[in-house]
Structures are given as C-alpha cells and as structure tokens.
2 protein chains.
Amino acid sequence: MSAPKLLLVEDDTALAELVEYRFRGEGYDVRTTDDGDEALLLAAEDTPDLVLLDWMIGGTSGIEVCRRLRRNKSTAHVPIIILTARSDEDDRVRGLETGADDYVTKPFSPRELIARVGAVLRRVRPALAGETITVGDLALDPTAHRVTRSGQAIKIGPTEFRLLRHFMEHPGRVFSRGQLLDAVWGSGSDIELRTVDVHIRRLRQAIAIPGAPDPVRTVRSAGYALEGV
Amino acid sequence: MSAPKLLLVEDDTALAELVEYRFRGEGYDVRTTDDGDEALLLAAEDTPDLVLLDWMIGGTSGIEVCRRLRRNKSTAHVPIIILTARSDEDDRVRGLETGADDYVTKPFSPRELIARVGAVLRRVRPALAGETITVGDLALDPTAHRVTRSGQAIKIGPTEFRLLRHFMEHPGRVFSRGQLLDAVWGSGSDIELRTVDVHIRRLRQAIAIPGAPDPVRTVRSAGYALEGV
DNA sequence: GCGATTTGTTACGCAGTCGTGACGTGCGTA
DNA sequence: TACGCACGTCACGACTGCGTAACAAATCGC
C-alpha cells in the first residue's frame, strides 16, 4: 500500500526490463510503457508517484510528454526524472525548464538511478521514501502507520491518517477542499466538498492537546493548512 | 528448516567440494551444480536462502543466471554472492548492478566466504543467520524453532512460527494481507486474503498472556504489525 | 448592525472490515 | 486404520469508520 508507484517510459526493452526488476527489488511498484501517449493514459488513470521518462521515445517526444503531464491537473506535481542518451547541455536545460526534477545521462547504473529516485522522493514526498516526517510536535511514521504528538501515540482513522500525511508532506501550504479530495480520496471520487470539513474536524479532534493551539488552520474561502514550523 | 539453504554454482570441482564441505561444517544445507541452467532449475524447485554464483560457468553465464533469478518471482529477493577469478572492476560493477549483494574475488579463503555469507544473511534475514531475535518480551530462536514470551516457552504451529518470525524481522512495520501471503506463504500461493486473519488470531492466541496487551496490532484497512519496542 | 456566505458541529444510516467459531481436508503417526 | 494435528475456507455478528444532511456558529460585505 505504501509502495511508491513508478511509471517508466522507455523504448529500449532490455534497459526497461533491467530497471523495472531492480526497482521492484527495492520495493517499488513499477509500470512500464514504450509509448508517450500510453504513458499519459496510464498516468491519468492511476497517478504515479514519480515518472522516469526517456527523452527519445516513439509516439510523443519526451519533452511533449513532460509538458502534457504538467498540464494535467492530477499529474501536474508528479516529479519527473529524464533519461537521455545525449549528454547535450541543451537537452538538460530544456528538460529542467519543462519541469523535470532531475536528469540522468545514459549509460547510467541502476544503482545510480535508484539513488536519484530516492533523493527526489525524499525531497518531494518524504513519507513515500519510508521516512518519518516531523512537523512541529507532530511525527508520522508511514511504515508503522503511526502518529505521535509530543511523543504521545495518537489513535487515528485511515482517512484522517492520509489527510494528515498529505498536510505534513506540504507543511504550511493551503489546500482547497477540491485539492484535498484529489490528493487524499483520489481524483475522480464523487464526494461532497463539505465532507472534507467533517474529516478536518475528526483530524483536529484526534491530534488535539488541551491547552495547545490547533495545528490545523482554516483559511476562509480558500481551504485548510497545517501550521508549519 | 532452520539450516540456511545455500545454492553453490561453481564449475571448479575441487573448489566446489572444498566450499561445500566447509559450509556443511558450519551447519548450512548446501546444494551444488556446475551448470547455470540447472542452477535456475534447482532454485525454482526449492528456493535457497542464498546463492553463491561463479561468474564464469558453462551453460549460462553468471550475469545471465543472476538476471534470470531476479526475474523469477520466487527467487527475486534471494541474496546472491558473486565468486569470480577476475578482479576486474567492470565485472564487479556489472554484477552488483544485476542485483548481486556481495562479491568475492578468487582466490578467497573459505573463512572469508563464510564470514561474507553470514554478513549478508544477517542483513537480509537475521533469523536465517541463526540469531535469536528479540522484540519486547518475545524471543524467537530460529535454530531451535522455539518461541518464548517473558521467558516462558510457547506452543506454536509452523505457519504461526513463520508469521511471527516475519513480524519480528521487521518490528513495528505494517504489512498488508497480500504482503504477508507473499512473505510467509510464498509468492504465487493461491490463498484467500482472509486466511491471514485466521492465522493472526491463532498467533495472538498462542502468544497471549492474560492481562498483558496484545503485541499484534491491527491497522484497519492496512494490515497488521507487531508492536515494536 | 444585518443579511449572506462560509465554517463548525452533531447525529444517523450504511458499507466495509475485522474477529471468531465451526467445518472439512490432507497428512503423518501411532 | 484410526487418530490427532495443522491448515484453508466459510459464515455470522459486531464494530468501526465513512459520507451526508441538518443545524448552529462565525465571519464577511455592505
């Protein structure tokens, strides 16, 4: 459940197989395609946590896939790592400008790629890398599925857990109800916006400490945010 | 069951005999072959706990055996130690990238190899190295197949033993029913997910102490975890 | 200050999940 | 052959957590 989902877009079948099984060995959930259009389709129906994107692929070019991933709402913030045979500086610049998060030049060792993926995930979504996130006096351990506040264990439901994790992955940032529904409930869920309010309340109740201020901030007509450090 | 099973793939007969003899002396269960294809066959029919793989063998090359071991689901996570006469750096890199866990250059002393095997097993599967694992007031002795809680011996079935061992190898971590089936029953077993529940119950019943809290934690809609330290 | 909008809070029915006991089967042993 | 043991499956019941609606409170624009 907590396995990070990778989408590998690569038309060198041998390389794709190698990368795929190495990442599986590392506990990742990998899906592979050699076609740019199919990549966009796969990404849309089940948002991956990170995209490994070959620069030169059939169908659509890498830069175009990158651009269109960014344009789509549900995949706009998914980190992308570009794989390219050309060590051309232009490519690198264009890739990063298009919104890629990192850039690996072929030939690369799977070990290096795994390290890069780990680094990007740790930076963007620490919980996916299996690391305990800490915000203020809150701590969330994704592998143990456990939340503590000031060291004290907290009883929390599954939805509240995911909600809190999302907040803790982006501390201080304000999310609208719609954004929270997309991120926590999954995009395409037919849930009333007001339902978020109820879960916010349940979350507040769960992590409340008498006397201490509420770490969940309401931003009127905008949404909610977790009080940053 | 408690003796770690090694698969030795080596075409130097004299060396193979020596290694086999020494490891048997250390309490390992060793099977030997000089052929890559046969190695894959042996590994498939009875998954070993570790593979010692000569880099240059007849039939299939070492790197190919390595790759195909990883591709097969049941052997994908078996640790591999490469034995090679060439101290070539390229080999070393390629071996590790293909998924080997360690690398020993010929000529090596049996003593060194035994140490390396022990180190890898301890890292990957502590219980296989014959070490008693302790989590809280639970202790599990893999060689004696015995479990104690607060010093008191506990009667426990084979499946519950493997289940508890897996939990104790990763204390605190939450496992889904599917993950537990893969880890305890073996991947590819056609077992109902709910069957896990029943064995969890039997495990709980076996290790229960009246008055003491249940060390097995249910994480709703996620799985089960053993209460860490 | 007053109406309108937004948010907090509570209660409730429902679906999904989990615990538990019972049952049938296969296998090794006495 | 009879027995015991461990296993996998099922069915039932209890419970938890979910989503929604309805009402109360707070905040904003005027």
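All values reported here derive from a predicted model rather than from experimental measurement. Every heavy atom of this structure was used, including side-chain atoms; hydrogens, water molecules and symmetry mates were not. Here is how names work: the chains are called A, B, and so on, in the same order as the sequence lines, proteins then strands, and each is numbered from 1.
C:dT7 atom P lies 14 Å from atom CZ of A:Arg217, rounded to whole Å. In this structure, A:Leu203 atom CG and C:dT9 atom P are separated by 13 Å, rounded to whole Å. To the nearest angstrom, P of C:dT20 lies 12 Å from CD1 of B:Ile200. In this entry the distance linking CD of B:Glu192 with C1' of D:dA11 reads 13 Å, nearest Å. Straight-line distance from the OH atom of B:Tyr224 to the C1' atom of C:dC18: 6 Å, rounded to whole Å. In this entry the distance linking CG of B:Leu193 with P of D:dC10 reads 12 Å, nearest Å. When the P atom of C:dG19 is taken as reference, atom CG of B:Asp197 falls 6 Å away, rounded to whole Å. In this structure, the CG atom of A:Leu181 is 13 Å from the C1' atom of D:dC18, given to the nearest Å.
In this structure, the side-chain hydrogen bond (donor to acceptor under 3.5 Å, both in side chains) partners of A:Arg217, at least two apart in sequence or on a different chain, are A:Glu227. Partners of B:Glu160 by side-chain contact (heavy atoms from CB on, under 4.5 Å), not counting sequence neighbours, listed by chain and number: B:Ile156, B:His199, B:Arg202, B:Leu203. Residues meeting the side-chain hydrogen bond (donor to acceptor under 3.5 Å, both in side chains) test with B:Thr195, sequence neighbours left out: none. With sequence neighbours left out, B:Phe23 forms a ring-ring contact (aromatic ring centres under 6.0 Å, His included) with B:Tyr28. Under the side-chain hydrogen bond (donor to acceptor under 3.5 Å, both in side chains) criterion, A:Glu38 pairs with A:Thr33, not counting sequence neighbours. With sequence neighbours excluded, the residues that form a side-chain contact (heavy atoms from CB on, under 4.5 Å) with B:Ala183 are B:His166.
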Could you pull out every donor-acceptor pair under 3.5 Å between side chains of residues 206-213 of chain B and any protein atom, sequence neighbours left out?
none

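Within the 4.5 Å cutoff, no side-chain heavy atoms of B:Val30 are placed close to those of B:Tyr21.
The shortest non-hydrogen separation linking A:Leu69 to A:Ala43 is CD2-CB, 3.7 Å. The two residues A:Glu169 and A:Pro171 make their nearest non-hydrogen contact at C-CD, 3.5 Å. Across all non-hydrogen atoms, the minimal contact from B:Ser221 to A:Pro158 is OG-CG, 3.3 Å.
Taking side-chain N and O atoms only, B:Trp185 has no distance below 4.0 Å to OP1 or OP2 of D:dC7. OP1 or OP2 of C:dG19 sits under 4.0 Å from a side-chain N or O of B:Thr218. Checking the phosphate oxygens (OP1, OP2) of D:dC18, no side-chain nitrogen or oxygen of A:Thr195 falls inside 4.0 Å.
Comment: A:Asp137 engages A:Arg149 in a salt bridge, judged by a side-chain N to carboxylate O separation of less than 4.0 angstrom.
If one axis is set at each end of the helix from C:dG1-D:dC30 to C:dA30-D:dT1 from five pairs, those axes are 30° apart, to 10°.
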Report, one pair per line, the protein and nucleotides 21-26 of chain C atoms (nitrogen or oxygen only) whose separation is under 3.5 Å.
| from | atom 1 | to | atom 2 | distance (Å) |
| --- | --- | --- | --- | --- |
| C:dG21 | OP2 | B:Arg201 | NH2 | 2.2 |

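The stretch residues 154-162 of chain A touches DNA chain D through A:Lys155, A:Pro158, A:Thr159, A:Glu160, each having a heavy atom within less than 4.0 Å of the strand.
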Fill in the blank from the handout: Readout for nucleotides 23-30 of chain D: B = base within 4.0 Å of protein heavy atom, S = sugar-phosphate only, - = neither; 5' to 3' it is ----BS--
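Residue pairs meeting the salt bridge (charged side-chain N to carboxylate O under 4.0 Å, His left out) criterion with at least one partner in residues 181-200 of chain A, sequence neighbours excluded, are A:Lys73-A:Asp182, A:Arg177-A:Asp197, A:Arg194-A:Asp197.
Counting non-hydrogen atoms under 4.0 angstrom, A:Asp190 reaches the backbone sugars and phosphates but no base.
Environment of CZ in B:Arg146: sparse, with no more than 12 heavy atoms of neighbouring residues, nucleotides or ligands closer than 6.0 Å.
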